Amino acid sequence: MSVIQAVRWSDDGLGVRIIDQRALPATYLERDLRTVDDVCNAIATLAVRGAPAIGVAGAMGLVAALTPHAGEDAPAFARRLAGYAARIRATRPTAVNLPWAIDRMRVRASDPALAGDPARTLAALRAEATAILDEDRAMCRAIGEHGLALLPNPARVLTHCNAGALATAGIGTALAPLYLAVERGQHVSVLAGETRPLLQGSRLTAWELGRAGVDVTVLTDSMVASVMREGRIDLCLVGADRIAVNGDVANKIGTYAIAVLARHHGIPFYVAAPSSTFDPKTPSGEAIEIESRHADEVRRSFGMQTAPLEARVHNPAFDITPAALVTAFITDRGIEHPPFLSSAPPAREVSAR
Ligand code: MRU
């Protein structure tokens, strides 16, 4: 099974090669990000998106943007590094993976052994960004392996947004167990909620699963309740942008509705996420900043007028699902069942399957 690679180094190593997700599913386009403007614009406009992917792209993008400046004197390079890191870190507020990755890069750069040497600092940052990339790939695979234990055979799985290969550096989070199950001969059919307003489910999840040969059917978001009532969903499996210490989950708008419906219909609701998505600094969902996006995403969906242009629009990109609605977390460290009140990784208690 061939799964795409959403983020990697460009062939010359000087840029970050992404799949431009704005153009999918009609057009497959790869783009190299080389400047801080390229990186910030790609993340802000969702050319690269998905919590783990923006963390990886942010860290690698910092390196790409700094590369032409390794010859600067040390104070100028340090100022540039701080400025670029702050700009990239601020592009999207909800997914914790982005500040997590940028802060990790800044900690690496602050090693006293590198002080006063931009070239060595840059080399160390490149190694750190590559480690973040490789670790993300490994975490996706581990999530896939652990998640297999929760899938019946056959399995009919509802997912939301895109928590697949396009959203990570590897085989995805929520979609990882599904890829591995299909690879191992299990019968899996996926129902992909379209995910208004930017349609990550129908544009991206249906595209990446379809090209990998996984059985997938697109639903509009408003169909979920009746499809559940008809008994056509065995389990729900979604990703996350930030998970608070108490287990509250920020994920794509619409996730909370699915969790409520799943509880009503007695369907398990699983959240798959790598360690980098668990935020030890956020006690509960109330403390998570929800990104509010431009009204034109609703008023002019994909270039067509879809609401009166003067209409007031409410467009939060994410919602909070209370921990009480989560059946279990699937992480790279194992399956975590309630109660979720525990300390942050690595101290969180998880049971390997
Ligand atoms: O606005 P997006 O497309 O970046 O939102 C992405 C999501 O909400 C995903 O479900 C989440 O990042 C998990 S990705 C593995």
Side-chain angles (χ1 to χ4, degrees), residues 3-4 6-7 18-22 24 42-58 91-101 136-137 139-144 147 158-179 190 192-205 207-209 221 236-243 249-259 269-279 285 288-294 297-298 315-321 326 329-332:
V3 179
I4 36 87
V7 190
I18 60 156
I19 298 170
D20 189 336
Q21 301 188 35
R22 297 168 299 193
L24 289 171
I43 296 174
T45 63
L46 277 52
V48 58
R49 50 144 297 283
I54 61 175
V56 173
T91 46
R92 296 194 75 191
T94 304
V96 71
N97 312 64
L98 180 58
W100 170 85
D136 191 65
R137 278 192 197 137
M139 287 193 287
C140 288
R141 187 149 284 271
I143 288 168
L158 174 71
T159 191
H160 188 60
C161 193
N162 172 267
L166 285 168
T168 66
I171 60 170
T173 57
L175 300 192
L178 309 181
Y179 281 127
V190 181
E194 66 172 353
T195 316
R196 291 279 293 149
L198 295 182
L199 307 184
Q200 288 92 332
S202 56
R203 289 191 305 110
L204 307 178
T205 298
W207 178 80
E208 73 161 81
L209 289 177
D221 296 335
C236 304
L237 184 43
V238 300
D241 285 82
R242 190 185 292 243
I243 300 171
V249 176
N251 193 48
K252 179 54 57 189
I253 188 79
T255 303
Y256 173 45
I258 292 172
F269 178 87
Y270 297 115
V271 176
S275 301
S276 51
T277 304
F278 289 82
D279 182 7
I288 299 176
E289 182 182 348
I290 300 292
E291 178 182 7
S292 181
R293 292 191 60 88
H294 200 282
E297 290 181 352
V298 176
N315 188 19
F318 302 96
D319 61 23
I320 304 292
T321 298
V326 177
F329 289 110
I330 307 169
T331 82
D332 46 295

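Everything numeric in this text was worked out from a predicted model, so none of it was measured. We count ligands from 1, going down the list as the structure has it; atoms in each ligand are counted the same way.
- Few gaps surround CZ on Phe269; more than 12 heavy atoms of other groups in view lie less than 6.0 Å from it.
- Residues Thr168 and Ala6 approach most closely at O-CB, 3.5 Å, considering heavy atoms.
- The side-chain contact (heavy atoms from CB on, under 4.5 Å) check on Ala47 picks up Ile18, Asp20, Arg22, Ala42, Thr45, with sequence neighbours excluded.
- Taking Ile320 as the reference, Asp248, Ala250, Ile288, Ile290 meet the side-chain contact (heavy atoms from CB on, under 4.5 Å) condition, with sequence neighbours excluded.
- Using a 3.5 Å distance cut-off with no hydrogens or angles, the side chains of Asn162 and Arg203 do not pair a donor with an acceptor.
- In this structure Asn315 satisfies the side-chain contact (heavy atoms from CB on, under 4.5 Å) test together with Pro197, Arg293, Glu297, Val298, Val313, sequence neighbours excluded.
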Show the distances, to 0.1 Å, for all pairs joining an N/O atom of ligand 1 and a protein N/O atom that are shorter than 3.5 Å, listing one pair per line.
| unit_1 | atom_1 | unit_2 | atom_2 | d |
| --- | --- | --- | --- | --- |
| ligand 1 | 1 (O) | Arg92 | NH1 | 3.4 |
| ligand 1 | 1 (O) | Arg92 | NH2 | 2.8 |
| ligand 1 | 1 (O) | Lys252 | NZ | 2.7 |
| ligand 1 | 3 (O) | Arg49 | NE | 2.4 |
| ligand 1 | 3 (O) | Arg49 | NH2 | 3.4 |
| ligand 1 | 3 (O) | Gln200 | NE2 | 2.9 |
| ligand 1 | 4 (O) | Gly50 | N | 3.0 |
| ligand 1 | 4 (O) | Arg92 | NH1 | 2.7 |
| ligand 1 | 8 (O) | Asp241 | OD1 | 2.8 |
| ligand 1 | 8 (O) | Asn251 | OD1 | 3.2 |
| ligand 1 | 8 (O) | Lys252 | N | 3.2 |
| ligand 1 | 10 (O) | Asn251 | OD1 | 2.8 |
| ligand 1 | 12 (O) | Ala51 | N | 2.9 |
| ligand 1 | 12 (O) | Asp241 | OD1 | 3.2 |
| ligand 1 | 12 (O) | Asp241 | OD2 | 3.1 |

